[in-house]
Amino acid sequence: MSSWAIYIHIPFCIRRCPYCDFNTYAGLERLQKPYVEALEREIRAYGQRLGRPQVPTVFFGGGTPTTLTGEQLCTILGAVREAFDVLPNAEITSEANPGTVDSNRFSAMRDAGFNRLSLGVQSFNDDELHFLGRIHSAEEATEAYYEAHLAGFRNVNLDLMFGLPLQEAATWKRSLRRAIELKPEHLSLYALTVEQGTPLARWVADGRVPPPDDDAAAEMYDLACDVLEKAGYRHYEISNWALAGERDWRCRHNLVYWRYEPYLGFGAGAHSFDGKRRWWNVSPVAGYIDRLSRGETPVESWEDLDERLAMGEMMMVGLRLLEEGVPDARFRARFGISLQDAFSEEIGEMTQMGLVEWHDAGLRLTRRGWLVANRVFARFLP
Ligand code: SF4
């Protein structure tokens, strides 16, 4: 494999948000130092084993990468650069929580080569932020954005959430407007979902919080599509928009996932994929550190994908890309068969229903298909 995108998982947060089911923990600060050391070991071992391959994108996610010091983040990125051939124009992103921002950390990250920042703003309404258990206010989110700019970041994403219980269309619109005023290069919008085992799921089950209203969420999504289009954003993926213009501001790292290309994930619970096999690390932070400190692999398990499953998965992730969809040439290059030959029945049925359409290079969702995308994806899976 000649090139790999790299994901680095930082499983620490200041406080757990009640809706979150990611592999991340509050109160484990004592493990941060050994965790960084373990990451360095894992990164170096892979780089050596793979012969220092090229890396077009690096993404630090979590969790909250900015719970680590600027120095620690730079140490990890330094290990990636030593072990891999990080391309000179590589996209190097870190997620950041607006409540953990300080200008020194941002400047140190910029100096080390981070060139994209993804800020977990979620809302510009303080009541909604309080409901979501976020550690920052709307004002702090705005400050974080300006701090990022002052530190030299010129490629910034803001995450926003909609479909919150009791959220009104008017407050959602105000959050969108505030985001547009800041003119970030990229926006990711996610509907709140109630994940099993989270405090939010218990509150909904107890009746303390009404369940999210799917119809209201669909209306908010439609509103966002209109507002962002008028503001000059390209809706290139179901949940993602990039500022239109001369430069392409789409997230190159996430494009790797949607195009079903290979990636390496480092850290607790991180997943990797080489096109045919998926493997993942042990999730507990202490277990991950232990394994690496004993010189063992942190890989917990793996799954070999048969061709039929891989085809379905490529459709599932690729159709998320609203402009390019799944290009026939890419599908043929990977599986040696055309989209039409692989899925004639499924494509025929869904074209008739107006959910997918052919365009110059391949197959994509129609606007009607966006709204029932999960049902379309399921049709392609074995
Ligand atoms: S800050 Fe992000 S990763 Fe951490 S608990 Fe909240 S939603 Fe989850």
Side-chain angles (χ1 to χ4, degrees), residues 7-32 35-36 39 59-69 72-73 76 93-102 105-106 109 116-138 140-145 147-148 156-165 167 175 179 186-204 209 212 217 239-240 251 253-254 265-271 280-281 283-285 288:
Y7 171 78
I8 298 191
H9 189 67
I10 309 297
F12 306 107
C13 287
I14 307 264
R15 190 169 79 198
R16 293 276 299 163
C17 303
Y19 57 89
C20 179
D21 75 337
F22 296 154
N23 183 38
T24 178
Y25 308 85
L28 286 189
E29 290 75 17
R30 68 186 188 286
L31 294 182
Q32 287 180 339
Y35 187 76
V36 171
L39 269 177
F59 193 104
F60 285 59
T64 306
T66 45
T67 52
L68 299 184
T69 63
Q72 286 172 320
L73 291 169
I76 301 165
T93 305
S94 177
E95 292 180 343
N97 184 321
T100 58
V101 163
D102 80 65
R105 187 189 278 113
F106 276 174
M109 288 165 70
R116 187 172 183 274
L117 213 55
S118 179
L119 288 174
V121 169
Q122 315 311 355
S123 169
F124 284 103
N125 176 293
D126 282 336
D127 291 338
E128 290 174 8
L129 288 169
H130 180 71
F131 170 78
L132 291 169
R134 304 293 299 184
I135 58 168
H136 61 87
S137 64
E140 283 166 332
T142 305
E143 274 167 28
Y145 181 79
E147 290 286 356
V156 179
N157 169 62
L158 304 184
D159 279 347
L160 293 176
M161 293 181 82
F162 62 95
L164 315 183
Q167 185 181 32
S175 277
H186 194 280
L187 282 160
S188 299
L189 313 184
Y190 298 105
L192 177 71
T193 51
V194 179
E195 304 294 345
Q196 292 279 328
T198 59
L200 178 63
R202 284 198 296 282
W203 298 344
V204 170
V209 168
S239 306
N240 288 278
C251 176
H253 183 81
N254 287 341
F266 296 122
H271 283 58
W280 53 93
N281 288 346
S283 294
V285 180
Y288 170 81

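This structure is a prediction, so every number in the text was calculated from the model and none was measured. Note that ligands are numbered from 1 as they come in the structure, with each ligand's atoms numbered from 1 the same way.
- Within 6.0 Å of the OH atom in Y25, the count of heavy atoms belonging to other residues, nucleotides or ligands exceeds 12.
- Although no hydrogens or angles enter the test, the distance criterion places a donor-acceptor pair under 3.5 Å between the side chain of Y35 and the main chain of A268.
- Listing protein N, O or S atoms at distances below 2.8 Å from atom 6 (Fe) of ligand 1, with waters left out, gives C17 SG.
- Remark: S283 pairs with no residue by the side chain to side chain donor-acceptor pair (under 3.5 Å) rule, at least two apart or across chains.
- If you run side-chain contact (heavy atoms from CB on, under 4.5 Å) between F12 and each of T24, T100, L68, only L68 comes through.
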Using side-chain hydrogen bond (donor to acceptor under 3.5 Å, both in side chains), reason through T93 and E95 one step at a time and then give a plain yes or no. CA-CA 7 Å; T93 305; E95 292 180 343; over 6 Å; no
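- In this structure, the protein non-hydrogen atom closest to atom 3 (S) of ligand 1 is G63 N, 3.3 Å.
- For the pair S175 (side chain) and F124 (backbone), a donor-acceptor distance under 3.5 Å is present.
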